[in-house]
Amino acid sequence: MDCFLLQGGRRLQGQVMASGSKNASLPILAASLLLDGAWQLQKVPRLRDVATMQDLLSALGVQSQWRAEAMEIQPQSSEPTEAPYDIVRRMRASICVLGPLLAKRGSARVSLPGGCVFGARPVDLHVRGLQALGAKIEQEGGDLVATVPPSGLRGVAIDLRSAYGSTVLGTINVMMAACLARGETVIGSAAREPEVVEVASFLRACGAKIEGAGEDRIHIEGGHALRPVSWALSADRMETGTLLLAGAITRGQVRVLGCRPQDLQSLQSMLLAVGCRLQVGTDWLEVDARDGSWSAVDVETGVYPGFPTDLQAQWMAFATQMEGRSRIVEKIYPERFMHVPELQRLGARLNRQGNQVQVQGPARLTAAPVLASDLRASACLVLAGLVARGTTCVRRVYHLDRGYVALEEKLSALGAKVVRQRDAQAP
Ligand code: EPU
């Protein structure tokens, strides 16, 4: 197991290239189950989650190979329909194969992904949406066992509202299946995240008839033949946001190239509100925090275009350095606060109550060994380590490797002192 050693106190300066989007790549790779024939996905981030999706697709008869930053995808057998627990438990996004398997192969057995460290993560809306399309789905031995009636899936109007708003992968799963259903499907309360829009754009390029992606209501006219096309992924907005926050927290100046500023409006507004300066290009964003004094501002996460839950932990690290008290409210995953006790070990003054954390800043952070517990919590601890006095050891960075391409290299190129090494104390 690896850890990161970070020597805090260096201002980050310079420019860095964004990697391709993890959360768009996973469902787009799952969509290969809808396609006959080979195709290529470009700008694929080399991540552990992507490797897990490759393993899953391989178990389902689809082979994939790296060619530099592109992946060649080649279906070889359309027989398998079982997504085994051993793979699904490694990555919740594995549930994305359910819709395509059902629609294309007529049946599926997909292990239930289970919870994750930041709470229960149900898939009831995925199931409800696919059932509305006509699938029969039952639970058996921890698996979802799904079949399509002989007449096939048929389009329908479905509302996918969750208690917190909408569901990103649920919307995508149903949208993918609806492409091969007979007639029109209307998904109400659809997620509007850029990843939904990107999957829809990919499917449209393959021949699907989809309208309204990015809005509350998506129309899909099913039954059009899909043919594989090559696709280049857009930038990972959470990586971009994390790198900008690394620039901000270190009182630096960081420009992220090859990104999509329009996908990060809420972060831009928050950075401006606390007193950072921003420059925005067509495909780059730059934060300038060299003036270095920020006033605390409350933040609430929300569905897109709200402030992303996937940047909440990193923002909290930054908030520890602001003047005054701020409140961070988590509206998507009320338990997503595994980073709180670890930040406290570094000296952050935090008070959690339910789905809210009060942050009293500015705190003088001091290095300590800390434990990464999930992907974004790990990124938060890395940011805190960039400003903590002394050498912070962030353990279990394999979580980070699920979603950040060579983060230590990108941060080092910006002037951070961070090294990856084997954790001698890991069990
Ligand atoms: N929900 C339900 N029922 C469902 C599905 C979701 O109640 O059937 C609830 C969830 O419990 C949650 C809310 O709806 O409270 C939103 O969950 P959503 O389904 O939108 O999450 P997801 O699609 O499983 C994706 C990202 C997450 C990101 C969320 C929210 C991928 C692979 N994952 O998950 O990313 O936090 O959307 O934006 O796209 C990450 O990258 O670190 C990450 C966790």
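Read the numbers this way: they start at 1 and go in the same order the structure lists the ligands and their atoms.
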Quiz prompt | Heavy-atom donor-acceptor pair, Thr52 side chain to Arg48 backbone, under 3.5 Å | solution = yes
Practice problem: Select one of side chain, backbone, both or neither to describe which atoms of Pro122 lie under 4.0 Å from any atom of ligand 1, heavy atoms only. | Solution: both
Quiz prompt | Euclidean distance, Trp294 CH2 relative to Ile249 CD1, rounded to 0.5 Å | solution = 7.0 Å
Quiz item: Atoms of ligand 1 less than 4.0 Å from Ser166 heavy atoms?
Solution: 14 (O), 16 (C), 20 (O)
Exercise. Going by the side chain to side chain donor-acceptor pair (under 3.5 Å) test, name the single residue among Glu184, Lys209, Glu211 that passes it with His219.
Key: Glu184
Practice problem: Could you see which bit of Tyr304 sits under 4.0 Å from ligand 1, with heavy atoms only: side chain, backbone, both or neither? | Solution: neither
Practice problem: Test side chain to side chain donor-acceptor pair (under 3.5 Å) on Tyr404 and Arg376 and set out the steps. | Solution: CA-CA 10 Å; Tyr404 290 93; Arg376 307 301 171 186; 3.0 Å; yes
Quiz item: Does ligand 1 have an atom that lies less than 4.0 angstrom from a heavy atom of Arg376?
Solution: yes
Quiz item: Closest non-hydrogen protein atom to atom 3 (N) of ligand 1, residue and atom name please, with distance?
Solution: Asp124 OD1, 2.7 Å
Exercise. Find all atoms of ligand 1 within a distance of less than 4.0 Å from any non-hydrogen atom belonging to His126, and give their numbers and elements.
Key: 8 (O)
Self-check item: Stepwise side chain to side chain donor-acceptor pair (under 3.5 Å) test for Ser111 and Asp143
Solution: CA-CA 4 Å; Ser111 220; Asp143 296 340; 3.1 Å; yes
Quiz item: Roughly how far apart are Gln15 CD and Glu286 CD, rounded to 0.5 Å?
Solution: 8.5 Å
Quiz item: Under a heavy-atom criterion of less than 4.0 Å, does Arg128 contact ligand 1?
Solution: no
Quiz prompt | Non-hydrogen side-chain atoms of Leu102 and Leu180 separated by less than 4.5 Å | solution = no
Quiz item: With only distance considered, is Leu169 within less than 3.5 Å of ligand 1 through an N or O on each side?
Solution: yes
Quiz prompt | Distance filter under 4.0 Å to Lys22 heavy atoms, resulting ligand 1 atoms | solution = 40 (C), 41 (O)
Quiz item: Looking only at distance, does Ala93 have an N or O less than 3.5 Å from an N or O of ligand 1?
Solution: no
Quiz item: Got a sec: does the OH of Tyr85 have more than 12 other heavy atoms crowding it under 6.0 Å?
Solution: no
Quiz item: Counting only N and O atoms by type, is there a donor-acceptor contact under 3.5 Å from the side chain of Ser64 to the main-chain atoms of Ile73?
Solution: no
Exercise. Heavy-atom distances under 4.0 Å are what count here, so tell me which part of Leu125 touches ligand 1: side chain, backbone, both or neither.
Key: both
Quiz item: Could you give the distance from CD (Glu198) to CZ (Arg260), rounded to the nearest 0.5 Å?
Solution: 6.5 Å
Quiz item: Please state which protein non-hydrogen atom is closest to atom 35 (O) of ligand 1 and give its distance, to 0.1 Å?
Solution: Asp310 OD2, 3.1 Å
Self-check item: With Glu330, the side chain to side chain donor-acceptor pair (under 3.5 Å) member among Gln312, Arg336, Gln356
Solution: Gln312
Quiz item: N/O of Leu26 under 3.5 Å from N/O of ligand 1, yes or no?
Solution: no
Practice problem: For Arg92, take its heavy atoms, then give the atoms of ligand 1 lying under 4.0 Å from any of them. | Solution: 24 (O)
Exercise. Note the single closest protein heavy atom to atom 19 (O) of ligand 1, along with its residue, its atom name and the distance in Å.
Key: Thr167 OG1, 2.7 Å
Quiz prompt | Distance, nearest 0.5 Å, that separates OG1 of Thr309 from CD of Glu300 | solution = 12.0 Å
Self-check item: Contact check, Gly403 vs ligand 1, heavy-atom distance below 4.0 Å
Solution: no
Quiz item: If you draw a 6.0 Å radius around CZ in Arg352, do more than 12 non-hydrogen atoms from other residues or ligands fall strictly inside?
Solution: yes
Practice problem: Provide, to 0.1 Å, the distance between atom 26 (C) of ligand 1 and the closest protein heavy atom, together with that atom's residue and name. | Solution: Asn23 ND2, 3.7 Å
Quiz item: Would you say Arg336 and ligand 1 have an N/O pair spaced under 3.5 Å apart?
Solution: yes
Practice problem: Give a yes or no on this: more than 12 heavy atoms of other residues, nucleotides or ligands lie within 6.0 Å of atom CZ of Arg325. | Solution: no
Practice problem: Note the single closest protein heavy atom to atom 12 (C) of ligand 1, along with its residue, its atom name and the distance in Å. | Solution: Tyr333 CE2, 3.5 Å
Exercise. Just need the protein heavy atom nearest to atom 37 (O) of ligand 1, so name the residue and atom and give the distance.
Key: Val168 CG2, 3.6 Å
Quiz item: So which of Arg121, Gln312, Glu239 gets nearest to atom 34 (O) of ligand 1, if we judge by its closest heavy atom?
Solution: Arg121
Quiz item: Atoms of ligand 1 less than 4.0 Å from Ser162 heavy atoms?
Solution: 14 (O)
Quiz item: Counting both backbone and side chain atoms, is some N or O of Ile332 under 3.5 Å from an N or O of ligand 1?
Solution: yes
Quiz item: Which ligand 1 atoms are under 4.0 Å away from a heavy-atom of Leu375?
Solution: 42 (O)
